[in-house]
Amino acid sequence: MRFGTRLLHNGNEVDPHTGAASIPLYQASTYHQFDLDHPGAFDYARSGNPTRQALEQTIAALEEGERGLAFASGMAAISTVFLLFSSGDHLVVSKDLYGGTFRMLTEVLPRLGIEATFVDTTDLTQVETAIRPHTRALYVETPSNPTLKVTDLAGVAAIAKQYGLLTIVDNTFMTPYLQQPLTLGADIVVHSATKFISGHSDVVSGLVAVKDPVLGDRLAGLQNAFGAVLGVNDSWLTLRGLKTLKARLDASSASAARLARGLKEIPGIERVYYTGLPEHEGHELQNAQAKGHGAVLSFDTGSADRAKAVCDHVRLPIVAVSLGAVESILSYPAKMSHAAMPREERLQRGVTDGLLRLSVGLEDPDDLLNDLEQAIRARRLVSVNTEWRASIV
Ligand SMILES: *Cc1c(COP(=O)(O)O)cnc(C)c1O
């Protein structure tokens, strides 16, 4: 069966106890044991809950894995995966990394004796060179945020296998619909399901999927030990969001492609980053390892003033952190996701003062393009008039 069908028919869509067409909210923290000698499938809801389990089995199926786990947030999922490592262990990590993951790796894990080296993972030589005797894993995000650099997943996984390391992939931007890292050799996939998987800006949620059942058991043990499980209501919302993933991403990706082409033509926009554009340096690789280019693009307005003016004048996208929702979301990385990064380092990564990131939602793409155009035009006319007024006094 194709992915779109499997989203709705994967064996976890009907409640086995009642036949309910939507998995009920099993709002219970503990379970009566009918026979102490033969314990039931569930005993305590941190360890397992039927609503959460339906979601966990669904993400495992969609990622072509054996085991799925649901967490209270993307960061809870990622942090629990990091608990696989011990003092003295070392990780090689993508330089272009989600801010929360960067904070965990630079502020928390070093206190526990776990170190990370950050490299440009689009260059496999850098990945291999950074491996040390105590390196345990390679951790990558592709396409990266916000300039959408593409890392060769099969290439990274092959290096990992050669050195006996785990490959961990943050698949938030692509979702299992567009990219399936486990099929390319990765061991662990992590998600902020807050984004495209849930899709409606109404839940914070995290998911993990793995292929190896032994690794799955270890992670399930850590999930139970650390306890950052996804609550029942949020499990239900995530399951509900997942059902429309393909329909939403098909529409949003098509709009993103249209906007990327349209934005290039607007005077005042200096550069557009979208892997679907043939001139993007990761275009070919993205075509080879993913089924699409997703719904996130970035564009450079040239200066902080212009970026701010666009945020002030847009009427359709909300101006916010986060991405992957039915409504379009415009973010200003220099002041949001990358605010904590020193300016020089930020500029080195292409995160200039004028860069804006757009997560394209389900609005009509022509309306979105017109809206961005008027926001950029408004700014340009203001500055032209300011110059004119300065010239007459
Ligand atoms: C949002 C995000 C996270 C963190 O997820 P939360 O659900 O906010 O904890 C991790 N990785 C990426 C790529 C993200 O966009």
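First listed ligand is number 1; within each ligand, the first listed atom is number 1.
The list of ring-ring contact (aromatic ring centres under 6.0 Å, His included) pairs with a residue in residues 171-215, not counting sequence neighbours, reads F3-Y177.
With sequence neighbours left out, the salt bridge (charged side-chain N to carboxylate O under 4.0 Å, His left out) criterion links D250 to K246.
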Can you give each donor-acceptor pair under 3.5 Å made by side-chain atoms of residues 65-77, sequence neighbours left out, with the distance rounded to 0.1 Å?
residue	atom	partner	partner atom	Å
R67	NH1	D217	OD1	2.7
S73	OG	M75	N	3.3
S73	OG	A76	N	2.9

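Taking the six-membered ring where the residue is Trp, Y26 and H17 present perpendicular rings, their angle passing 60° and hence far from 30°.
Applying side chain to side chain donor-acceptor pair (under 3.5 Å) to E363 and the options S328, S255, S252 leaves one that passes, S328.
No donor-acceptor contact under 3.5 angstrom links the side chains of Q126 and D120, judged on distance only.
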For ligand 1, find each of its N or O atoms that sits under 3.5 Å from a protein N or O atom, and tabulate the pairs with distances to one decimal place.
residue	atom	partner	partner atom	Å
ligand 1	5 (O)	S192	OG	3.0
ligand 1	7 (O)	G74	N	2.8
ligand 1	7 (O)	S192	OG	2.8
ligand 1	7 (O)	T194	OG1	2.7
ligand 1	9 (O)	G74	N	3.0
ligand 1	9 (O)	M75	N	2.8
ligand 1	11 (N)	D170	OD2	2.7
ligand 1	15 (O)	K195	NZ	2.7

